[in-house]
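Shown next, in structure tokens, is the structure this report addresses.
No experiment lies behind these values; they were computed from the predicted model shown.
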Amino acid sequence: MSYKDLRDWIEQAEKMGELIHLNGVDWNLEIGVLADVSKKAILFDNIKDYPKGYRVLTGQSESKALSELTYGFSRPQGSHTDLVNFWRKWLKGARPVPMKVVKDGAVMENVHRIDDDPKSVNLLEFPVPKWHEGDGGRYIGTAGCCILRDPDEGWVNMGIFRIMVSDPHTMSLYICQGKNSHIIIEKAFRCGQNVPVVVLAGQDPAVWAAGTWGVWGESDLEYAGYIKGEPIEVIEGPFTGLPIPATAEIAIEGELRPGDLVTEGPYGEWTGFSEPWPVPAIRVKAIYHR
């Protein structure tokens, strides 16, 4: 694999001419509209109201070239049918690669625990965009990953879902019915169990790619290892015990509780704006970031 982590991927994308740098853009609507019209990835910095270095990346899979970079292979020459056959063969060979547990990593450079100092835990420390004019709030989860564990069998699931910031310590989690994570949460709630969860915002592109797969009964993080060609290094979350990719930009530990709901939405999807929904609340316990 040609990249070590997301930062290295960004450098590679820039060398390919597939990434644009923009400075001084407003988190309120401007990032969203520019992301919608761009045909390349955009790295926003010096965002209004935030210090330099608190950045937002959009369009990670906006082009074929960026997808090829993420997966580590070049598109074969030929027809669309040739591409589909190549992709099917590649997926057929997918095998889980066990994660490598490490004691520390870059994601732990800055640690904010609610038990130590509640004021230090602030989701809006980061330039979370309001993407569309009709959105019900600012969304930190649009291309991040949500990690949780099956309460019966113990395997770790990962998916990509809508996550809205409700207040500095709370996020909403919207998952379509039938998704693996939804099944796991409902299973736990029926037994009156809380569900520990980790939310990533900015992660190794191979981890993001694996989060789109939806493998039942096996860890998506181990399939990220297949994409990457090597084990994904993870840290055991101090609060949740869940694996946290060591090179993630931002990782948020929290928990879901039966009957603890907040309003999510509306949000502007490709189908139009969703309706506001009561969904599980993620009560944040700790934030880690590079």
Side-chain angles (χ1 to χ4, degrees), residues 6 22-38 41-60 62 107 110 112 114 118-147 159-176 197-203 208 211 248-256 260-290:
L6 179 57
L22 288 180
N23 288 286
V25 176
D26 197 326
W27 58 264
N28 187 18
L29 302 181
E30 288 186 356
I31 288 178
V33 71
L34 289 167
D36 278 349
V37 300
S38 177
I42 306 176
L43 188 64
F44 297 92
D45 203 349
N46 292 300
I47 296 165
K48 185 181 177 182
D49 301 329
Y50 289 90
K52 181 178 174 60
Y54 280 61
R55 305 184 295 177
V56 171
L57 174 70
T58 65
Q60 187 173 315
E62 192 62 45
V107 70
N110 299 278
H112 308 290
I114 204 161
K119 292 183 179 179
S120 73
V121 175
N122 180 10
L123 293 165
L124 296 179
E125 172 189 353
F126 310 104
V128 178
K130 184 176 182 181
W131 297 95
H132 316 98
E133 188 173 8
D135 288 354
R138 297 167 67 175
Y139 276 78
I140 196 169
T142 53
C145 293
C146 180
I147 301 170
I160 299 172
F161 310 113
R162 287 205 317 246
I163 301 175
M164 191 181 82
V165 175
S166 300
D167 63 46
H169 301 164
T170 309
M171 300 179 289
S172 64
L173 177 61
Y174 174 76
I175 306 175
C176 296
V197 62
V198 168
V199 172
L200 306 178
Q203 59 280 310
W208 170 83
E249 293 293 328
I250 303 168
I252 305 162
E253 284 195 292
E255 68 178 359
L256 310 167
D260 183 12
L261 305 176
V262 292
T263 299
E264 185 272 344
Y267 182 73
E269 292 278 14
W270 62 276
T271 52
F273 279 90
S274 65
E275 295 293 329
W277 299 96
V279 300
I282 302 175
R283 302 298 176 178
V284 175
K285 298 297 183 181
I287 298 176
Y288 316 108
H289 68 90
R290 298 178 66 166

Worksheet item: Could you give the distance from CD1 (Ile31) to CG (Leu22), rounded to the nearest 0.5 Å?
Response: 9.5 Å
Worksheet item: How many angstroms lie between CG in Leu173 and SG in Cys146, if you round to the nearest 0.5 Å?
Response: 5.0 Å
Response to the item:
NZ (Lys119) and CD1 (Ile114) are apart, to the nearest 0.5 Å, by 13.0 Å
Worksheet item: Can a donor-acceptor pair be found between the side chains of Arg162 and Thr142 at a distance below 3.5 Å?
Response: no
Fill in: Closest heavy-atom pair and its distance - Lys130, Asp135
CE-O, 3.4 Å
Worksheet item: Between His169 and Val121, is there a donor-acceptor pair closer than 3.5 Å when you use the side chain of the first and the backbone of the second?
Response: yes
Worksheet, complete the sentence: Taken to the nearest 0.5 Å, the spacing of Phe161 CZ from Tyr174 OH works out to 11.0 Å
Discussion item. Taking Val128's backbone N and O only, do any of them form a donor-acceptor pair with Arg138's side chain (distance below 3.5 Å, no angle check)?
Written reply: yes
Worksheet item: Which pair of heavy atoms, one from Pro278 and one from Leu261, lies closest together, and at what distance?
Response: CB-CD1, 4.2 Å
Discussion item. Nearest 0.5 Å, please: how far is CG in Asp167 from CG in Leu124?
Written reply: 9.0 Å
Worksheet item: Any side-chain heavy-atom pair from Ser38 and Thr58 closer than 4.5 angstrom?
Response: no
Worksheet item: Is the shortest heavy-atom distance from the side chain of Trp131 to the side chain of Tyr267 under 4.5 Å?
Response: yes
Item to complete: Identify whether the distance between the nearest side-chain nitrogen and carboxylate oxygen of Glu255 and Arg283 falls below 4.0 Å.
Response: no
Practice prompt. Report the distance from atom CD1 of Ile250 to atom CD1 of Ile287, rounding to the nearest 0.5 Å.
Written response: 8.5 Å
Fill in: Exam field: side chain Ser172 to backbone Thr263, donor-acceptor pair closer than 3.5 Å
no
Worksheet, complete the sentence: Closest non-hydrogen contact found for Gln203 with Leu200 is OE1-CB, 3.3 Å
Worksheet entry | Heavy-atom closest pair, residues Glu249 and Leu6 | CG-CD2, 4.0 Å
Item to complete: Over all heavy atoms of both residues, which pair between Leu256 and Pro280 is shortest? Give the atoms and the distance, please.
Response: CD2-CB, 4.0 Å
Discussion item. Does the plane of the ring in Phe273 sit parallel, tilted or perpendicular to the ring in His132? Use 30° and 60° as the thresholds.
Written reply: perpendicular
Fill in: Matching residue for Ile282 among Val165, Val199, Thr170 - test: side chain to side chain contact (heavy atoms under 4.5 Å, CB included)
Val199
Discussion item. Does the plane of the ring in His289 sit parallel, tilted or perpendicular to the ring in His112? Use 30° and 60° as the thresholds.
Written reply: parallel
Discussion item. So does Gly265 get a backbone contact from the side chain of Tyr139, meaning a donor-acceptor N/O pair under 3.5 Å?
Written reply: yes
Worksheet item: Do Ile160 and Cys145 have side chains that get closer than 4.5 Å, going by heavy atoms?
Response: yes
Worksheet item: Do Lys48 and Asn28 pass the side chain to side chain contact (heavy atoms under 4.5 Å, CB included) test, and can you show the C-alpha distance, the side-chain angles, and the key distance before you say yes or no?
Response: CA-CA 9 Å; Lys48 185 181 177 182; Asn28 187 18; over 6 Å; no
Worksheet item: Where is the tightest heavy-atom contact between Gly53 and Asp45, given as atom of each residue plus distance?
Response: N-OD1, 2.8 Å
Worksheet item: So among Ile47, Ile42, Leu34, Asn46, which one has a side chain to side chain contact (heavy atoms under 4.5 Å, CB included) with Val25?
Response: Leu34
Worksheet item: Do other residues, nucleotides or ligands put more than 12 heavy atoms under 6.0 Å from the CD atom of Glu269?
Response: yes
